[in-house]
> 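One structure coming up, written as structure tokens, with questions to follow.
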2 protein chains.
Amino acid sequence: MRASSVDHYILQALEESSEHITSAQIYERVRAHLPAVNPSTVYRALERLAHNGKISISDLGRGAMVYQSMNAGAHDHLVCQRCGEIIHLEHDRFKEIFSALEAQYGYRMVTNHLVLWGLCPACQSESEAGG
Amino acid sequence: MRASSVDHYILQALEESSEHITSAQIYERVRAHLPAVNPSTVYRALERLAHNGKISISDLGRGAMVYQSMNAGAHDHLVCQRCGEIIHLEHDRFKEIFSALEAQYGYRMVTNHLVLWGLCPACQSESEAGG
DNA sequence: ATCGCAAATGCAATTCTTTGCATTATAATA
DNA sequence: TATTATAATGCAAAGAATTGCATTTGCGAT
Ligand SMILES: [Zn+2]
Ligand SMILES: [Zn+2]
Ligand SMILES: [Zn+2]
Ligand SMILES: [Zn+2]
């Protein structure tokens, strides 16, 4: 790996927003610094950063992947399938299971940004009503 | 919802294969029965079936989503990020956590086919070596 | 049997993402 | 500094999946 200015501006964008944002949003912000940058370069950089554990790539049901800095550390989410509400979960919650899996299968766990789907209380009633 | 022959042939294809297969593979098998069927119809049917809990839709790193019948019940997987090895996990392993989440947030859990990423023993050494 | 509605479908266009290949930029080496 | 190897990039094309809109189909009500 080599010093890439795209990587730098992507991380900057992700750290400034601190939320999950799409590649389009990232692309816009990188382009503010590197006007001639190509989308595929951004995608490749995102892949690279995820592979190195710097960011997470997730499907949160928005129609496009969302990206987030891993600076604040591993964490997970519970997402309502119907309204999209996102709840933050401590990653420690899965620590025990992950350790057990590592012990049982000899794997080294990589997952650090799980997305669990469910129905929030409000959407449960609306779903029963026939939403 | 209405009786859809596409749904029927998709479920048949998934139950016959019993493995995770791609939409292209499903499309081929549905087309054997309905030669004029359109890909988008298959995609929409797959979405419908997943929404009704009949099938799972997952990214197993194959470049396309993979689909599986939920007939055999909820289950999960541990997948090697590098070589793609897939390990089957009992869903009961997550029962406790899911119950706790439901109690804590009032959500009804929907996730029934988790995909966890890791590195298998062999790929761990190769990764350290610089693969 | 006929009517009317809602679900399902076909088709084309669009969106999001990946990939192949040639080129450029960086870092290490001689 | 000149050379070489490797990583990153640009560009265009391909691939996967979704969406809009018009049409068809199945189902219940009349
Ligand atoms: Zn997150
Ligand atoms: Zn909700
Ligand atoms: Zn499975
Ligand atoms: Zn492996």
Side-chain angles (χ1 to χ4, degrees), chain A residues 1-14 20-52 54-68 81-82 84 115 127 129-131, chain B residues 1-14 20-52 54-68 81-82 84 115 127 129-131:
Chain A
M1 192 176 65
R2 196 152 75 203
S4 157
S5 53
V6 174
D7 291 22
H8 171 75
Y9 289 121
I10 288 177
L11 288 175
Q12 181 177 305
L14 288 176
H20 308 93
I21 60 179
T22 65
S23 72
Q25 295 174 294
I26 293 170
Y27 179 59
E28 283 313 308
R29 295 174 200 193
V30 170
R31 210 161 51 151
H33 300 281
L34 307 171
V37 75
N38 193 277
S40 72
T41 299
V42 172
Y43 277 112
R44 277 191 273 233
L46 288 167
E47 200 58 48
R48 199 158 57 219
L49 291 166
H51 185 258
N52 294 331
K54 298 280 203 304
I55 70 170
S56 65
I57 306 182
S58 316
D59 181 354
L60 255 39
R62 289 210 219 153
M65 294 292 131
V66 290
Y67 305 80
Q68 186 175 37
Q81 203 171 47
R82 195 166 176 283
V115 174
S127 278
Chain B
M1 192 173 66
R2 194 152 74 203
S4 157
S5 53
V6 175
D7 291 23
H8 172 75
Y9 289 121
I10 287 176
L11 287 175
Q12 181 177 305
L14 289 176
H20 307 92
I21 60 178
T22 66
S23 72
Q25 295 174 293
I26 294 170
Y27 179 59
E28 283 314 308
R29 295 173 198 195
V30 171
R31 212 163 47 153
H33 300 280
L34 306 171
V37 74
N38 193 278
S40 72
T41 299
V42 172
Y43 277 114
R44 277 191 273 233
L46 288 168
E47 200 58 48
R48 199 159 55 221
L49 291 166
H51 185 258
N52 295 331
K54 298 279 202 304
I55 68 170
S56 65
I57 306 181
S58 316
D59 181 355
L60 253 40
R62 287 211 221 154
M65 294 292 129
V66 291
Y67 304 80
Q68 187 175 36
Q81 204 171 47
R82 196 167 176 283
V115 174
S127 278

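Values below: all heavy atoms of this structure, side chains included; hydrogens, waters and symmetry mates excluded. A note on names: the letters A, B, ... follow the listed sequences, proteins ahead of strands, and every chain is numbered from 1.
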> Between atom CD1 in I10(B) and atom C1' in dT9(C), what is the gap in whole Å?
12 Å
> Can you sort out the partners of R29(A) under salt bridge (Lys or Arg N to Asp or Glu O under 4.0 Å), two or more places apart, ordered by chain and number?
none
> Would you mind reading off the distance between L49(B) atom CG and dA7(C) atom C1', rounded to a whole angstrom?
14 Å
> Quick one: list whatever passes side chain to side chain donor-acceptor pair (under 3.5 Å) with N52(B), sequence neighbours left out.
none
> Listing request: all side-chain hydrogen bond (donor to acceptor under 3.5 Å, both in side chains) pairs with a residue in residues 56-67 of chain B, at least two apart in sequence or in separate chains.
S58(B)-H113(B)
> Would you kindly give the CE-to-P distance between M65(B) and dG15(D), to the nearest whole Å?
17 Å
> My understanding is that only residues two or more places apart in sequence, or in another chain, count here; which of them pass side chain to side chain contact (heavy atoms under 4.5 Å, CB included) with H33(B)?
Y9(B), Q12(B)
> Expressed as a whole number of angstroms, how long is the span from E47(A):CD to dT18(C):C1'?
9 Å
> Show the nearest heavy-atom pair for residues V6(B) and A45(B), with the distance to one decimal.
CG1-CB, 3.8 Å
> Not counting sequence neighbours, which residues clear side chain to side chain donor-acceptor pair (under 3.5 Å) with S23(A)? List them please.
Y43(A)
> Considering non-hydrogen atoms only, spot the tightest contact between I55(A) and L46(A) and give its length.
CD1-O, 3.4 Å
> For residues 31-41 of chain B, which residue pairs qualify under salt bridge (charged side-chain N to carboxylate O under 4.0 Å, His left out), counting only residues two or more places apart or in two chains?
E28(B)-R31(B)
> Would you tell me if any nitrogen or oxygen in the side chain of R48(B) comes within less than 4.0 Å of OP1 or OP2 on dT9(C)?
yes
> State whether S23(B) places a side-chain N or O below 4.0 Å from either non-bridging phosphate oxygen (OP1 or OP2) of dA17(D).
yes
> Separation of D59(A) atom CG from dT18(D) atom P, in whole Å?
9 Å
> Can you check the I57(A) CD1 to dC16(C) P distance for me, whole Å?
16 Å
> Quick one: side chain to side chain donor-acceptor pair (under 3.5 Å) partners of T22(A), sequence neighbours excluded?
Q25(A)
> Between the opening five pairs and the closing five pairs of the helix from dA1(C)-dT30(D) to dA30(C)-dT1(D), how far apart are the helix axes, to 10°?
30°
> Might you confirm whether atom NE2 of H51(B) has over 12 heavy atoms from other residues, nucleotides or ligands at distances under 6.0 Å?
no
> Which pair of non-hydrogen atoms, one from K54(B) and one from L11(B), has the smallest distance, and what is that distance?
CB-CD2, 4.2 Å
> Tell me which residues in residues 25-44 of chain A put a heavy atom below 4.0 Å from DNA chain C, sorted by number, or none.
S40(A), Y43(A), R44(A)
> dC16(C) P sits how many Å from L60(A) CG, rounded?
16 Å
> Starting from P on dA25(C), measure out to CG on D7(A) and report it in whole angstrom.
17 Å
> Enumerate the protein-to-nucleotides 22-25 of chain D contacts in which both atoms are nitrogen or oxygen and the separation is below 3.5 Å.
from    : atom 1 : to    : atom 2 : distance (Å)
dT25(D) : O2     : R2(B) : NH2    : 2.7

